[in-house]
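One structure below.
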Amino acid sequence: MADGKVYNLKKRILDFVLKIIQLAKDLPDNRINRIFIDQIVRSASGIGSNYEEADGTPTKRDFVYKMGIVKKEAKETKYWLTLIRFTNNSMFYDRIDLLQGENEELIKIFATIIIRSKI
């Protein structure tokens with residue numbers, strides 16, 4: 001783990017969701033941000049909750065289906081991060097850029113899990 005990455009996927013997802021929640025708490029309170037915050041907290045937390053459900057599925061087919069939902073939630077989170085970045089002060093850019101990078105990595109991991117599980 002010399003590169004500092006967390007390889008326990010459950011922990012990595014939880015850390016990501018907690019960072020999204022912290023960003024949401026720190027954003028300015030205005031009408032637009034309230035909408036975006038509600039959406040991003042739902043989609044990001046959906047990554048974790050659906051991953052937990054996928055982990056307990058009884059069949060490979062159910063697992064692949066749930067992981068598809070996990071990936072969908074991650075892609076939705078990507079969208080909300082983009083909107084938040086474009087509509088807020090540049091003081092948040094570095095944090096958002098890091099979250100976007102982690103989100104992209106998670107999407108790739110989920111896609112790989114889905115592909116390998118279908119074999």
Side-chain angles (χ1 to χ4, degrees):
M1 228 169 27
D3 60 5
K5 295 283 183 197
V6 176
Y7 293 100
N8 175 329
L9 192 51
K10 283 186 182 185
K11 178 163 178 11
R12 189 168 174 178
I13 292 167
L14 178 62
D15 289 346
F16 175 72
V17 174
L18 292 174
K19 287 176 185 171
I20 291 286
I21 291 168
Q22 189 58 57
L23 174 68
K25 287 179 177 180
D26 294 342
L27 289 171
D29 184 19
N30 61 52
R31 200 172 99 195
I32 299 299
N33 275 344
R34 280 192 292 274
I35 294 166
F36 293 166
I37 288 166
D38 183 54
Q39 294 294 333
I40 198 167
V41 169
R42 287 174 190 265
S43 64
S45 61
I47 296 168
S49 63
N50 283 292
Y51 184 78
E52 288 292 332
E53 285 186 39
D55 191 41
T57 57
T59 67
K60 184 189 274 193
R61 184 176 181 189
D62 289 339
F63 176 77
V64 169
Y65 173 76
K66 274 295 180 187
M67 286 305 299
I69 294 172
V70 171
K71 184 180 166 203
K72 179 191 85 60
E73 295 286 358
K75 291 184 81 139
E76 182 179 342
T77 300
K78 175 183 175 178
Y79 175 75
W80 295 117
L81 278 170
T82 301
L83 283 178
I84 289 168
R85 188 178 194 285
F86 284 124
T87 58
N88 280 278
N89 189 299
S90 62
M91 68 183 273
F92 294 102
Y93 286 4
D94 289 343
R95 285 172 64 189
I96 293 169
D97 291 348
L98 288 172
L99 288 168
Q100 286 177 317
E102 177 66 359
N103 196 43
E104 283 297 324
E105 287 186 27
L106 288 171
I107 290 169
K108 289 176 185 175
I109 291 168
F110 302 147
T112 301
I113 290 170
I114 291 166
I115 290 166
R116 290 184 179 169
S117 296
K118 287 181 178 180
I119 297 172

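Positions are given from 1 along the sequence. Keep in mind that what you see is a predicted model, and the values were worked out from it rather than measured. The basis for the numbers below is simple: all heavy atoms, side chains too, and nothing from hydrogens, waters or symmetry mates.
Side-chain contact between L81 and L23 is present, with at least one heavy-atom pair separated by less than 4.5 Å. Proximity of L9 to F110: side-chain heavy atoms (C-beta onward) are separated by under 4.5 Å at one or more points. Between Y79 and Q39 the shortest side-chain heavy-atom distance does not fall below 4.5 Å. Counting heavy atoms from C-beta outward, R12 and E105 have side chains that approach closer than 4.5 Å. Contact of the I96 side chain with the T82 side chain is not registered, since no non-hydrogen atoms from C-beta on lie closer than 4.5 Å. Residues L99 and F16 meet the side-chain proximity criterion, which asks for heavy atoms closer than 4.5 Å. Counting only heavy atoms from C-beta outward, the side chains of T57 and Y65 never approach each other to under 4.5 Å. At a threshold of 4.5 Å between non-hydrogen side-chain atoms, the residues P28 and N89 do not count as touching.
Here N103 contributes atom CG and K108 contributes atom NZ; the two are 11.0 Å apart, rounded to the nearest 0.5 Å. Put simply, CG on L83 and CD1 on I32 are 10.0 Å apart, with the number rounded to the nearest 0.5 Å. Distance check: M67 CE to I113 CD1 gives 4.0 Å after rounding to the nearest 0.5 Å. Interatomic distance, NZ of K78 versus CD of E104, reported as 4.0 Å (0.5 Å rounding).
With a 6.0 Å radius and a threshold of 12 heavy atoms from other residues, nucleotides or ligands, R95 has its CZ atom above the threshold. The 12-atom threshold is not exceeded at CZ of R42, counting heavy atoms of other residues, nucleotides or ligands nearer than 6.0 Å.
Taking every heavy atom of both residues into account, S45 and V17 meet most closely at CA-CG1, 4.1 Å. Contact between S43 and E73 at its shortest, heavy atoms only, is CA-OE1, 3.3 Å. Across every non-hydrogen atom of I107 and A74, the tightest pair is CG1-CB, 3.6 Å. Closest heavy-atom contact between D26 and F92: O-CZ, 3.4 Å. Minimum heavy-atom separation, V41 to A24: CG2-CB, 4.0 Å. Minimum interatomic distance between A54 and F63 (heavy atoms only, all atoms of both residues): O-CD1, 3.2 Å.
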Candidate pair T59 and D62, rule side-chain contact (heavy atoms from CB on, under 4.5 Å), full reasoning: CA-CA 5 Å; T59 67; D62 289 339; 3.1 Å; yes

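With N33 contributing its side chain and D29 its backbone, the two residues share no donor-acceptor pair below 3.5 Å. Remark: the backbone N or O of I40 is not paired with any side-chain donor or acceptor of T77 at under 3.5 angstrom.
Salt bridge absent: D15 and K19 never bring a charged side-chain N and a carboxylate O closer than 4.0 Å. Under the 4.0 Å criterion applied to side-chain N and carboxylate O atoms, K10 and E52 are assigned as salt-bridge partners.
L98 and I37 are assigned to two separate hydrophobic clusters, defined by single-linkage of ILVMFWY side chains at heavy-atom distances under 4.5 Å. Neither V64 nor I115 shares a network with the other; the hydrophobic side chains, linked directly or stepwise wherever heavy atoms of I, L, V, M, F, W or Y lie under 4.5 Å apart, form separate groups for each. Under the 4.5 Å side-chain contact rule for hydrophobic residues, I109 and Y51 share a cluster.
Annotation: cation-pi pair R85/Y93 present, NZ/CZ under 6.0 Å from the ring centroid and within 45° of its normal.
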